[in-house]
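Worksheet for the structure shown next.
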Amino acid sequence: MKPKRLNLVVPCFNEEAVLPETIARLLALLDDLVARSLVSADSAMTFVDDGSRDDTWAIIEAGRAGDARVGGIRLSANRGHQHALLAGLLNAPGDVLISLDADLQDDLAAIPKMLEAHQRGAEIVYGVRGRRVHDSLFKRYSAWTYYWLLHRLGVDVVADHADFRLMGRRAIEALSGFTEVNLFLRGIVPLLGFPSEVVTYERNARFAGETKYPLSKMIALAANGVFSFSTVPLQWITVLGFVVALGSVGAGFWALGVRLFTPYALPGWASTVIPMYFLGSVQLLAIGIIGGYVSRIYAETKRRPRFIIEKTL
Ligand code: UDP
Ligand code: MG
């Protein structure tokens, strides 16, 4: 079988600290893969500069000057990791695309295994994190809880898989049919279908620089995973409404009984104030959940472009 043309897709936001090393390592990796006939000699890489404010783009340009296999796409502004990644996936050439982080946290040793799985017929190969020794305790537990929640909500995601994955050209074509603005790629990819495989790897520590995923961005991504892929929370509101309504009717009968058949019916503070706070909070919760959907419908109906390319290399 003729080796396929690979393109490594790497979103970068203010990654000047790691990028020279990343470019060097990925070029060495390509040499190795070509030598092992796993990929064709015209394989390359695409760095998507997600509107960085540091020297990221200059480093990509210098990389290009040094080796024509280094490609670049510069977005006109910072759109976030998911959009930058999508821009890369939809614009990178090649028969097979592998997306990975710029900070070398995704173990390059998993890439030959992914390519072998693809040769065996997997159109999509998911990189799955084994032990997370380098992640903080908070990150490990919040991730575990989140995957558990998604599973309970009926969202089909591959546990402990982020965006380190191989996708064949057919899968990319299918992905281009998904036009949503509220992107959660790890929820969309399993919806594509196609035969898939999983490759486990050890996640490294970030090579240099700091995380570009502060808690706020992490929460925004997590919310997209829930609201864009599950309507179960809307059903919860209905169930909650029923439960509270039934409880109120029961409490009403109980109060009536106390009033009619006992001498203890005191004008109660608790019986007035507690249900008031309780119902208030239930309503706020319900409005909040509905708001989560409405805000996404709002964004989807505008159909704004998900990324704008300023220039390419
Ligand atoms: N990233 C991006 N745009 C952003 C934030 C992050 O393109 O707005 C890229 C970043 O450069 C890196 C990848 O997304 O290649 C993952 O980010 P990071 O390593 O900071 O996240 P963490 O591993 O800490 O979750
Ligand atoms: Mg990282």
Side-chain angles (χ1 to χ4, degrees), residues 7-26 29 45-60 63 70-92 97-108 110-111 127-147 157 160-165 181-186 201-225 306-310 312:
N7 199 282
L8 300 163
V9 179
V10 189
C12 317
F13 178 54
N14 294 342
E15 295 288 12
E16 62 180 12
V18 286
L19 217 46
E21 178 72 17
T22 308
I23 293 175
R25 288 212 203 169
L26 293 186
L29 172 75
M45 60 194 81
T46 305
F47 292 92
V48 185
D49 177 4
D50 186 16
S52 297
R53 291 180 272 273
D54 64 359
D55 279 338
T56 295
W57 183 250
I59 294 169
I60 297 170
V70 177
I73 295 177
R74 179 165 166 80
L75 301 191
S76 61
N78 179 239
R79 297 305 314 272
H81 169 238
Q82 295 286 293
H83 290 85
L85 180 52
L86 184 76
L89 292 175
L90 297 185
N91 290 286
L97 305 184
I98 295 181
S99 50
L100 66 158
D101 286 356
D103 57 4
L104 298 168
Q105 282 198 277
D106 299 329
D107 186 11
L108 301 186
I111 289 179
V128 166
R129 296 164 187 180
R131 288 183 308 133
R132 295 166 160 256
V133 279
H134 296 292
D135 280 341
S136 68
L137 218 58
F138 170 74
K139 190 133 186 170
R140 272 187 262 176
Y141 281 105
S142 59
W144 187 87
T145 313
Y146 182 61
Y147 285 116
V157 291
D160 280 325
H161 160 71
D163 287 296
F164 184 28
R165 79 175 81 80
V181 177
N182 296 288
L183 269 188
F184 184 65
L185 285 167
R186 64 196 82 159
Y201 70 101
E202 294 276 312
R203 192 152 160 88
N204 302 319
R206 186 177 242 286
F207 180 75
E210 278 166 13
T211 177
K212 308 299 178 306
Y213 250 103
L215 190 62
S216 57
K217 278 190 185 174
M218 232 150 76
I219 291 173
L221 180 70
N224 268 341
R306 293 174 290 178
F307 49 82
I308 295 168
I309 294 176
E310 187 181 313
T312 52

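No hydrogens, no waters, no symmetry mates; every other heavy atom, side chains included, goes into these values. As the structure is a computational prediction, the values presented were derived from the model and not from experiment. Whatever order the structure lists ligands and atoms in, that order sets their numbers, starting from 1.
Each of the atoms 13 (C), 15 (O), 16 (C) of ligand 1 lies under 4.0 Å from some heavy atom of D101. Every atom of ligand 1 is numbered from 1 in the order shown, and the set under 4.0 Å from a heavy atom of Y213 is 17 (O), 20 (O), 21 (O), 25 (O). Taking every heavy atom of C12 and a limit of under 4.0 angstrom, the matching atoms of ligand 1 come to 7 (O), 11 (O). Atoms of ligand 1 lying under 4.0 Å from at least one heavy atom of P11, given by number and element, are 7 (O), 9 (C), 10 (C), 11 (O), 12 (C), 15 (O). If you number the atoms of ligand 1 from 1 as listed, the ones under 4.0 Å from a heavy atom of D103 come out as 19 (O), 23 (O).
At a heavy-atom cutoff of 4.0 Å, ligand 1 is contacted by no atom of N14, backbone or side chain.
Closest to atom 12 (C) of ligand 1, if we only count protein heavy atoms, is E15 OE2, 3.4 Å. Counting protein heavy atoms only, atom 8 (O) of ligand 1 is closest to K217 NZ, 2.8 Å. Nearest non-hydrogen protein atom to atom 20 (O) of ligand 1 is K212 N, 2.4 Å. Of the protein's non-hydrogen atoms, the one nearest atom 24 (O) of ligand 1 is T211 OG1, 2.5 Å. Looking only at protein heavy atoms, the nearest one to atom 3 (N) of ligand 1 is D50 OD2, 2.6 Å. Ranking protein heavy atoms by distance to atom 23 (O) of ligand 1, first place goes to Q105 OE1, 2.6 Å.
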### Task
Would you sort out whether D163 and R186 count as a salt bridge (charged side-chain N to carboxylate O under 4.0 Å, His left out), showing the intermediate values?
CA-CA 7 Å; D163 287 296; R186 64 196 82 159; 3.2 Å; yes
### Message
For D160 and Y147: C-alpha separation, side-chain torsions, deciding distance, then whether side-chain hydrogen bond (donor to acceptor under 3.5 Å, both in side chains) applies.
### Response
CA-CA 8 Å; D160 280 325; Y147 285 116; 5.3 Å; no
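The nearest N, O or S atom of T211 is not closer to the Mg ion (ligand 2) than 2.8 Å.
Evaluated for a side chain to side chain contact (heavy atoms under 4.5 Å, CB included) with T312, the options I73, T46, N91 yield exactly one hit, I73. Test I59, L26, T56 against F47 for side chain to side chain contact (heavy atoms under 4.5 Å, CB included) and you get one pass: L26.
Side chain of D103 to backbone of Q105: a donor-acceptor contact under 3.5 angstrom is found. Judged by distance alone, with hydrogens and angles left aside, the side-chain atoms of D54 form a donor-acceptor pair with the main-chain N or O of E16 at under 3.5 Å. The backbone N or O of N14 sits nowhere less than 3.5 Å from a side-chain atom of R53 that would complete a donor-acceptor pair.
Of the inter-residue distances, the one linking D49 atom CG with E15 atom CD reads 10.0 Å to the nearest 0.5 angstrom. With rounding to the nearest 0.5 Å, the separation of OH in Y201 from CG in D106 is 4.0 Å. Expressed to the nearest 0.5 Å, how far CG of L75 lies from CZ of R306 amounts to 12.5 Å.
The distance criterion of under 3.5 Å between nitrogen or oxygen atoms is not met by E210 with respect to ligand 1.
Closest approach between the Mg ion (ligand 2) and any N/O/S atom of D103 involves OD2.
When H81, R206, R203 are checked for heavy-atom proximity to atom 14 (O) of ligand 1, H81 turns out nearest.
Remark: distances from the non-hydrogen atoms of K139 to ligand 1 include one below 4.0 Å.
With F164 as the aromatic partner, R203 does not meet the cation-pi criteria of under 6.0 angstrom to the ring centre and within 45 degrees of the ring axis.
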